[in-house]
Amino acid sequence: MTSKGAAIAAANALAARWAREHTGTGDTVFSAAAVWPLLALLAAGAHGPARAELAYAVGLRPEEAAAGARALLSHVHALPGVHTAAGLWTRRTLELRPGWSAQLPPGTHGVLTDDPAQDREALDAWTSQHTDGLITSMPVTPSGETRLVLAAAQAVRTRWLRPFQDGSAQPESGPGPVANWSPCIAAPPCSTGSPWPTPATVR
């Protein structure tokens, strides 16, 4: 069985590759901790060239990938203030191999109906539940022809150990004359000597 440590290391390696590839390309946001479990679950059930490609992306052998996905999801979800999940919805006529579907984490698999409005409601409810209400709708519009939906969700709530406080400050020098005090948001220095507040661990 794949250890939690191996799954964490593999997810971090994927994040590092993405960071290297996107350095200097503009504003970029990604979370390997959210996407890696979904890729790992797909690797476990893939065949042909896709199996090798997904195994490379995941960094684990396909035989170990599903266990790694379950271990990482369980670990991240147990962190205070963190919500994460992987989701898969398929039409009733799309049969999944029992050997693969049995490896999915509990609550991962849902069924699409013949009612797009009902499906959209179910997808939005899943999204809201697994992002602690921060995102209320999934950016997908199911139709009567939709056969499969894959999704990953992650949300983190944090707080500052030393909250910001309203105050005022006046620069001592600059490109022009300084005539008035300017409002700002400031916080007392931290123990490290930095003038900025220290971010707390997630709650």
Side-chain angles (χ1 to χ4, degrees), residues 1-19 22 28-46 51 54-90 94 96-112 118-140 142 146 148-161 198-203:
M1 178 178 294
T2 303
S3 69
K4 178 178 67 177
I8 293 173
N12 285 339
L14 178 62
R17 291 203 303 272
W18 282 349
H22 291 284
T28 304
V29 177
F30 59 82
S31 174
V35 179
W36 188 91
L38 192 61
L39 295 176
L41 291 172
L42 293 175
R51 185 176 177 88
L54 286 167
Y56 171 77
V58 169
L60 293 177
R61 294 189 302 114
E63 297 80 7
E64 303 172 331
R70 294 193 302 271
L72 185 64
L73 283 170
S74 177
H75 172 69
V76 174
H77 189 69
L79 297 174
V82 179
H83 298 261
T84 189
L88 163 68
W89 295 262
T90 58
L94 183 61
L96 302 179
R97 291 196 305 275
W100 178 72
S101 60
Q103 300 181 72
L104 298 176
T108 298
H109 183 219
V111 177
L112 297 173
Q118 181 178 338
D119 291 338
R120 179 58 187 265
E121 183 178 346
L123 295 175
D124 289 349
W126 181 91
T127 302
S128 180
Q129 175 187 354
H130 293 293
T131 61
D132 198 25
L134 296 175
I135 302 175
T136 57
S137 63
M138 185 179 292
V140 63
T146 303
L148 180 147
V149 175
L150 293 169
Q154 185 177 66
V156 181
R157 289 188 180 273
T158 61
R159 61 184 176 84
W160 295 99
L161 287 176
T198 303
T201 54
V202 295
R203 59 176 178 173

All N/O donor-acceptor pairs, side-chain side in residues 11-19, below 3.5 Å, sequence neighbours left out:
{"residue": "Asn12", "atom": "ND2", "partner": "Ile8", "partner atom": "O", "Å": "3.4"}
{"residue": "Arg17", "atom": "NH2", "partner": "Ala57", "partner atom": "O", "Å": "2.7"}

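- Pairs passing the salt bridge (charged side-chain N to carboxylate O under 4.0 Å, His left out) check and including a residue from residues 125-134, sequence neighbours excluded, read Asp132-Arg157.
- What you find for Ala155 and Leu134 is that their closest heavy atoms are CB-CD1, 3.9 Å.
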Side chains of residues 72-82: which donor-acceptor partners sit under 3.5 Å, not counting sequence neighbours?
none

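- Side-chain contact between Trp89 and Asp119: absent, with no pair of heavy atoms (C-beta onward) separated by less than 4.5 Å.
- Between Leu104 and Leu88 the shortest side-chain heavy-atom distance falls below 4.5 Å.
- Atom CZ of Arg70 is separated from atom OG1 of Thr108 by 10.0 Å, given to the nearest 0.5 angstrom.
- Taking every heavy atom of both residues into account, Met138 and Ala151 meet most closely at CE-CB, 3.8 Å.
- For the residue pair Pro142 and Leu123, the shortest heavy atom distance occurs at CG-CD1, 4.1 Å.
- Looking at Ser128, its side chain never comes within 3.5 Å of a backbone N or O of Asp124 through a donor-acceptor pair.
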Ignoring hydrogens and angles, write down the donor-acceptor pairs under 3.5 Å from the side chains of residues 29-38, residues two or more places apart or on other chains.
{"residue": "Ser31", "atom": "OG", "partner": "Ala34", "partner atom": "N", "Å": "3.4"}
{"residue": "Ser31", "atom": "OG", "partner": "Gln154", "partner atom": "OE1", "Å": "2.5"}
{"residue": "Trp36", "atom": "NE1", "partner": "Val58", "partner atom": "O", "Å": "2.8"}

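- Counting all heavy atoms, side chain and backbone alike, Lys4 lies closest to Ala71 at CA-CB, 4.1 Å.
- Partners of Leu94 according to the side chain to side chain contact (heavy atoms under 4.5 Å, CB included) rule, which considers only residues two or more places apart in sequence or in another chain, are Thr90, Arg147, Leu148.
- Partners of His83 according to the ring pair (Phe, Tyr, Trp, His ring centres under 6.0 Å) rule, which considers only residues two or more places apart in sequence or in another chain, do not exist here.
- The line from CG of Leu42 to CH2 of Trp100 is 6.0 Å long, rounded to the nearest 0.5 Å.
- Closest heavy-atom contact between Ala43 and Pro62: O-CB, 3.6 Å.
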